[in-house]
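For the numbers below, each heavy atom of this structure counts, side chains included, while hydrogens, waters and symmetry mates do not. Just so it is clear, the structure is predicted and the values come from calculations on it, not from any experiment.
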Protein chains: 2
Amino acid sequence: MSDNSIKNMEDFAAVSGISRPTVSKYFNDPKSVRASTRSKIETALEKYDYRPNIYAINQNRSRTKNIGLVVPNMTDPFFAAIARALEGLILDAGFSPLLLSSHGGADQEVANLESLRAIKPAGVLLAPWGRASNLAEVCRFADQIPTVLFDANLDGVGAGFFGSDNVQSIDLIVDYLCRSGEAPAFFEMENPINPNALRRRTAYVAAMERQNQTATFIRVKGDGWDFEEIGYREGLRLFAQGDLPSSTILCSNDRLAIGLLAAAFERDIKVGLDSDCSLRIAGHDDHPFARYTCPGLTTIAQDYAAIGARSVEAILKLIHRPDQPKTREMALFEGRLVMRGSA
Amino acid sequence: MSDNSIKNMEDFAAVSGISRPTVSKYFNDPKSVRASTRSKIETALEKYDYRPNIYAINQNRSRTKNIGLVVPNMTDPFFAAIARALEGLILDAGFSPLLLSSHGGADQEVANLESLRAIKPAGVLLAPWGRASNLAEVCRFADQIPTVLFDANLDGVGAGFFGSDNVQSIDLIVDYLCRSGEAPAFFEMENPINPNALRRRTAYVAAMERQNQTATFIRVKGDGWDFEEIGYREGLRLFAQGDLPSSTILCSNDRLAIGLLAAAFERDIKVGLDSDCSLRIAGHDDHPFARYTCPGLTTIAQDYAAIGARSVEAILKLIHRPDQPKTREMALFEGRLVMRGSA
DNA sequence: GAAAAAACTTTACGCGTGATAAAATTAAGT
DNA sequence: ACTTAATTTTATCACGCGTAAAGTTTTTTC
């Protein structure tokens, strides 16, 4: 027969013995048709494996069933893990995730938003590049398409933000470090791109105040996202100089700490809690590799299960009720202290 | 005026003073219209920022300007790095990359191919899941849509394969290890999913033969992609037992080695070349984190610049001349020895 | 078992663009 | 200015599906 000639819904409707509009209805919602016709269609479906043309479907719809997902840097395992979790949640909600990475920088971020615009997504989950983001463009985008921010906040942009409570988490780890040894110095980049880095800095100052300690900083130079390299290079330099402000170092993020630990190892500086150790190092984020550093990295685990769940929930609500009151939703989730050998 | 009412090409053609078919021609190839009309269109473009509806464009086309890019696991920084490089090459060629990860396993791989089918990509670059891949489905897909494999080969599937020459690279590192100390034992998983693991195993046997050494294996249990965890857990177990077949261990890949190094550190086993070290560990792939292990991991760097370039080149050739002779192209690229502290 | 409700069929149109043939215009060369 | 080639315009169809209206059949309800 003409088995292979099922080119469109018309043809498929013919072989399944159902009219095309009903078949169309079926594909939009299988439960919206009578059980008997549904089974007829599904029988034919098994035999002819037809699928509606996605472009024709979306041509009329002003919004599709896609949800854009933009992360600043997929090469960072931390974001890769979050992205993966979010993909799952989006799929569960019956939408198709479209994952894009802004690794090129703020320009790539804008380019990603442009690509998404062309695809007319129902909504977008955006972890912005950071301070360097093209705020005007991101704003313009968020005004046109339902957008929820996660991981890093840009004030007032999008319909909501969900991320970590840096004040709580930094307080938690500063408290732990102070109780278990010398108060920590804060290791950070001079000009961090990520807004979270700035918030953690402020949170560190406040936490140290609460501990009646004076905040001290180790600020290092470095551009871009090659944090391990920066931590390593600057660690080597610092250890060579030998004038650390404290024997406990709290890094602004795990990736800096990973580099710093490698530098300490190379310089034969024992890191940890034991009596023969001269340095303690802690991080923030619970990077997937934090448990395989030497020693394992004491750090803060972000609750990104919760962050992801709430972000997806928010974007879905926005999609289903697009004309709701314009109150910007926002929630910060507590971090959890993960104790390993390094501090 | 009616500034914002540019809803389609008709409207845009009107405001730019050019007929719609000519505008259409412009968007398909700006150089195909007269310079004067081109500038007219581009002037209007700046003023009204219209962009053709991507769904309407693709509705008729049997193939789009998209190239699918499927990697087994984006959470693995190695694949994240390759994917990023490939994305750049695809963009340079004037196509849009669509990146998908099969992290769910072979089922997700099939699902990804299904998604891609719906999008009608011009071609697909596929790094297959491995032995567990649904061979029949992948084959069926590759028969319908131009497909090139990279990283891992599936015999006869797709129009070509580009990857690393495991025989050369393993020979290179075995030779180095033998010259610089005790001949290596091969650390691997019992049932590796990745075809490269099997090839490296065979290559190891052959290389040891050439060195007049007897091949010895350390085979460990473990499922899935959590290689660091497996290396770490099994490393702890092995070191507790204390009956290693050799003081030099060549791991099937870097991620196993990273776990193994962490285990050695925890057990106070000094790894490296110095006289006070009792163990040497080497890996394969030059994982982005290999330079931050303690000590830095001696390994083989895959030439994935070349692999990526050739893969993209091959898929482009296939797209432009779809009916060329059906010889399956294939090339293996040499690895480079990266010497660090661990061996 | 009849009336009401629900689901389906038929018919027809619209979406925004690509493609093409024939006619009209413009540019280039002499 | 005239010829010729190149380009643009006009007009029309195609693509595959969503959707609405009107009529028909099936199922549910009492």
Side-chain angles (χ1 to χ4, degrees), chain A residues 2 4-45 48-66 94 96 117-122, chain B residues 2 4-45 48-66 94 96 117-122:
Chain A
S2 49
N4 305 340
S5 58
I6 310 291
K7 279 288 162 197
N8 53 32
M9 198 179 274
E10 193 88 48
D11 291 357
F12 178 73
V15 299
S16 60
I18 305 288
S19 72
R20 188 178 69 74
T22 303
V23 171
S24 170
K25 238 185 125 193
Y26 166 82
F27 278 110
N28 282 312
D29 179 10
K31 283 169 299 191
S32 70
V33 303
R34 203 149 48 200
S36 60
T37 62
R38 180 176 171 178
S39 70
K40 272 196 214 169
I41 291 173
E42 285 171 351
T43 306
L45 214 46
Y48 295 95
D49 100 301
Y50 154 82
R51 29 177 51 218
N53 181 311
I54 195 171
Y55 297 104
I57 291 175
N58 287 323
Q59 174 160 352
N60 303 324
R61 292 205 189 298
S62 56
R63 284 290 142 76
T64 66
K65 292 283 274 182
N66 301 318
S96 300
R117 213 195 297 274
I119 282 155
K120 299 183 186 174
Chain B
S2 50
N4 304 341
S5 58
I6 309 291
K7 279 290 165 197
N8 53 33
M9 198 179 275
E10 193 86 49
D11 292 355
F12 178 74
V15 299
S16 61
I18 304 290
S19 73
R20 189 182 67 75
T22 303
V23 172
S24 170
K25 244 186 116 191
Y26 166 82
F27 279 109
N28 283 311
D29 179 10
K31 283 169 299 189
S32 70
V33 302
R34 200 148 50 199
S36 60
T37 64
R38 179 175 172 179
S39 70
K40 272 195 213 169
I41 292 174
E42 284 170 351
T43 305
L45 214 46
Y48 294 95
D49 99 301
Y50 153 82
R51 29 178 50 216
N53 181 313
I54 196 172
Y55 297 106
I57 291 174
N58 288 322
Q59 176 160 347
N60 301 328
R61 291 206 191 298
S62 55
R63 287 287 144 74
T64 66
K65 290 285 273 183
N66 301 317
S96 300
R117 213 196 296 274
I119 282 157
K120 300 183 185 174

Subject >> NZ on B:K7 to CG on B:N53, rounded to 0.5 Å >> reply: 10.5 Å

**OP:** Using five pairs at either end of the helix from C:dG1-D:dC30 to C:dT30-D:dA1, determine the angle between the two local helix axes and round it to 10 degrees.
**Re:** 20°

Subject >> Any A:Y48 side-chain heavy atom under 4.5 Å of A:D11 side chain >> reply: no

What's touching nucleotides 26-30 of chain D from the protein side, N or O pairs under 3.5 Å?
none

Original post:
Do any side-chain nitrogens or oxygens of B:S19 fall under 4.0 Å of OP1 or OP2 in D:dT8?
Top reply: no

Subject >> Nucleotide interval of DNA chain C bounded by contacts with chain A (heavy-atom cut-off, under 4.0 Å) >> reply: C:dA7 to C:dG16

I'd like a list of close polar pairs between nucleotides 18-21 of chain D and the protein, N/O only, cut-off under 3.5 Å.
{"unit_1": "D:dG18", "atom_1": "OP2", "unit_2": "A:S24", "atom_2": "OG", "d": "2.4"}
{"unit_1": "D:dG18", "atom_1": "O4'", "unit_2": "A:N60", "atom_2": "ND2", "d": "3.2"}
{"unit_1": "D:dG18", "atom_1": "N7", "unit_2": "A:R20", "atom_2": "NH1", "d": "3.3"}
{"unit_1": "D:dG18", "atom_1": "O6", "unit_2": "A:R20", "atom_2": "NH2", "d": "2.8"}
{"unit_1": "D:dT19", "atom_1": "O4", "unit_2": "A:R20", "atom_2": "NH2", "d": "3.3"}

Original post:
Within the distance-only criterion (no hydrogens, no angle test), does the side chain of B:Y55 pair as donor or acceptor with the backbone N or O of A:I119 below 3.5 angstrom?
Top reply: yes

Original post:
What's the CZ-P distance between B:R38 and D:dT7, to the nearest Å?
Top reply: 13 Å

Subject >> A:N8 CG - D:dG16 P separation (whole Å) >> reply: 5 Å

Original post:
What's the spacing between A:N66 CG and A:I54 CD1 if we round to 0.5 Å?
Top reply: 6.0 Å

**OP:** Starting from C1' on D:dC15, measure out to CG on A:D11 and report it in whole angstrom.
**Re:** 13 Å

**OP:** Mind checking the OG-CZ spacing from A:S39 to A:R34? Nearest 0.5 Å is all I need.
**Re:** 11.0 Å

Original post:
Within the side chain of B:D29, is there an N or O that forms a donor-acceptor pair under 3.5 Å with the backbone of B:K25?
Top reply: no

Tell me which donor-acceptor pairs under 3.5 Å the side chains of residues 12-20 of chain A have, and how far apart each pair is, sequence neighbours excluded?
{"unit_1": "A:S16", "atom_1": "OG", "unit_2": "A:F12", "atom_2": "O", "d": "3.0"}
{"unit_1": "A:S16", "atom_1": "OG", "unit_2": "A:A13", "atom_2": "O", "d": "3.2"}
{"unit_1": "A:S19", "atom_1": "OG", "unit_2": "A:T22", "atom_2": "OG1", "d": "3.1"}

Subject >> Sequence-distant partners of B:D49, side-chain contact (heavy atoms from CB on, under 4.5 Å), two or more places apart >> reply: A:R140

Subject >> Member of A:K31, A:M9, A:R38 meeting the side chain to side chain contact (heavy atoms under 4.5 Å, CB included) criterion with A:Y26 >> reply: A:R38

Subject >> Pairwise distance NZ(A:K65) to CG(A:N58) - rounded to 0.5 angstrom >> reply: 11.0 Å

Original post:
B:Y55 OH to D:dA14 C1': how many Å, rounded?
Top reply: 21 Å

Original post:
Base, sugar-phosphate alone, or nothing: which one does B:Y26 contact when heavy atoms must sit under 4.0 Å apart?
Top reply: nothing

**OP:** Return the value, rounded to whole Å, for the distance between atom CD of B:E10 and atom P of D:dT10.
**Re:** 11 Å

Original post:
Taking side chain as C-beta onward, heavy atoms only, is A:F27 less than 4.5 Å from A:R51?
Top reply: no

